[in-house]
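Throughout, a chain's letter reflects where its sequence line sits, starting with A, and its residues are numbered from 1. The figures that follow rest on heavy atoms only: side chains count, while hydrogens, waters and symmetry mates do not.
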Amino acid sequence: MPELPEVETIRRDLEPRITGRAITGFDVLPGAERLLRGVPQRAIRKRLLGAQISGIGRHGKYLLIELNGHHDAGGPTLVVHLRMTGSLRHRRADAPDDRFLRARIPLDDGTELRFTDVRKFGTFDLVDDPAEATAKLGPDATDPAFSADAFWTGLRGRRAPIKSMLLDQRIVAGIGNIYADEALFLAHLHPEAPSGSLRPKERADLHAAIGRVLADGIKNRGASFRDYTDADGAAGNQQYFVRVFRRTDEPCDDCGATIRRSVVGGRASHWCPRCQPLRQRSRTVTSKRP
DNA sequence: CGTTACCTGAAA
DNA sequence: TTTCAGGTAACG
């Protein structure tokens, strides 16, 4: 469910509310043990109890809850991934249980973090250094290190559809199915355009479009098509502003052509056949140099 | 590289 | 009843 803008909305909401708080409990509800990916709950609980939250970061779609001054100060980091339907809420401890509650982390001020997740795909990892969790990821899509040049380094020589590369977290971290389709629309690129065939202007446009759609998503507090909610359980608004995502058979805002849907790289994709034509590109595919 | 599995509920 | 889902890891 949540992509970079949704995770960032939760991060920004939580940061001022939980920074400085100490953890007073940790409970995974029966049937949700997979959340810890085989690590015994007692092992996590032992390290969490009494730890103080010193900050909350993010890399791509991963939330990084930093404990005891972060890893330079010897504290571990709780790495949370919400996958498809996970949600991290901040509630008063006496508030009624949220639906699909899977874990709770009581804090020392009478509140608690609550992890809810319909499909139980979400994960918690407690690591000594957050780099352990993010080592395989490309640069965060909002990091200045993710430059147009860095983007092209990941794309050049690849024949895979550009849509698949946008979803590949090793190239750039944080883009998911909604924002991939939206960025391709803004950049006037067909989702199946071969990645390595993008001309300089096309990749500059796509890089800029990624920045715009993510900033827009954050401004609108994320897209709630189905399950996504912020840390208070409230829906975002970005679903009202999408240009193509899940708008199959509707007219394009820009040209009136009928928006189409197809499967690219195993994921539903939505695009405007007139604004995002698939031109001939085979001659312009650059080969990767050794 | 594309396909399948992981889970559950909502919508068609 | 069937299909589909904001994601990723493990397949072949």
A:E112 side chain to A:H90 backbone, donor-acceptor under 3.5 Å: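 The answer is no, because no donor-acceptor pair under 3.5 Å joins these two groups.
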Salt-bridge present (A:E33, A:K120; N to O < 4.0 Å):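 A:K120 and A:E33: not salt-bridged.
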Presence of salt bridge, A:K163 and A:D181, under 4.0 angstrom: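 Here A:D181 pairs with A:K163 in a salt bridge, since their nearest N and O are under 4.0 Å apart.
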Watson-Crick/G-U partner (both atom distances under 3.5 Å) of B:dC7: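 Check on B:dC7: unpaired, no WC or wobble geometry under 3.5 Å.
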G-U wobble or Watson-Crick pairing nucleotide for C:dG6 (cut-off 3.5 Å, both distances):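 Per the H-bond distance test, none.
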Syn or anti conformation of C:dG6, syn meaning chi within 90° of 0: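 Syn conformation here, the glycosidic angle of C:dG6 being no more than 90° from 0.
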Report which part of the nucleic acid [X] touches: base, sugar-phosphate, or nothing (heavy-atom distance under 4.0 Å, all strands).
X: A:R99; value: sugar-phosphate
X: A:Y179; value: nothing
X: A:R37; value: nothing
X: A:D117; value: nothing
X: A:E3; value: sugar-phosphate

ring-ring contact (aromatic ring centres under 6.0 Å, His included), paired with A:F115, selected from A:F121, A:F100, A:F124: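 In the set A:F121, A:F100, A:F124, the residue that makes a ring-ring contact (aromatic ring centres under 6.0 Å, His included) with A:F115 is A:F124.
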Separation between the P atoms of C:dT1 and B:dC7, rounded to whole Å: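 Comparing P positions in C:dT1 and B:dC7 gives a spacing of 22 Å.
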Span that lies between the P atom of C:dT8 and that of B:dA10, in whole angstrom: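 Straight-line distance between the two P atoms is 24 Å.
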5'-most by nearest nucleotide on DNA chain B - A:R226 or A:G266: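 With A:R226 and A:G266 compared, the 5'-side residue is A:G266.
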Determine: side-chain N/O of [X] to OP1/OP2 of [N], distance under 4.0 Å, yes or no.
X: A:R246; N: C:dG6; answer: yes
X: A:R34; N: B:dC7; answer: yes
X: A:H81; N: C:dT8; answer: yes
X: A:K61; N: C:dG6; answer: no
X: A:R158; N: B:dC1; answer: yes
X: A:Q169; N: C:dG7; answer: no

Distance flag, aromatic centroids of A:F245 and A:F225, threshold under 6.0 Å: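 Yes; A:F245 has its ring centre under 6.0 Å from that of A:F225.
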Could you state the atom-to-atom distance from [atom1] of [X] to [atom2] of [N] in whole Å?
X: A:R261; N: C:dG6; atom1: CZ; atom2: C1'; answer: 14 Å
X: A:K163; N: B:dG2; atom1: NZ; atom2: C1'; answer: 15 Å
X: A:R170; N: C:dA10; atom1: CZ; atom2: C1'; answer: 13 Å
X: A:Y62; N: C:dG7; atom1: OH; atom2: C1'; answer: 9 Å
X: A:F225; N: B:dG9; atom1: CZ; atom2: C1'; answer: 19 Å
X: A:L36; N: B:dC6; atom1: CG; atom2: P; answer: 20 Å
X: A:R119; N: C:dG6; atom1: CZ; atom2: C1'; answer: 10 Å
X: A:E6; N: C:dG7; atom1: CD; atom2: P; answer: 9 Å

Flag for A:S262-A:S269: side-chain donor and acceptor within less than 3.5 Å: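 Judged by distance alone, the side chains do not pair up.
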Listed nucleotide nearest any side-chain atom of A:A160, set C:dA5, B:dC7, B:dC1: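 Output: B:dC1.
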A:F146 and A:H207 aromatic ring geometry - parallel, tilted or perpendicular at 30°/60° bounds: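 Because their plane-to-plane angle lies in the 30° to 60° range, the rings of A:H207 and A:F146 count as tilted.
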Under 5.5 Å and under 30°: A:F121 stacked on C:dG7: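 Yes; by the centre-distance and plane-angle rule, A:F121 counts as stacking on C:dG7.
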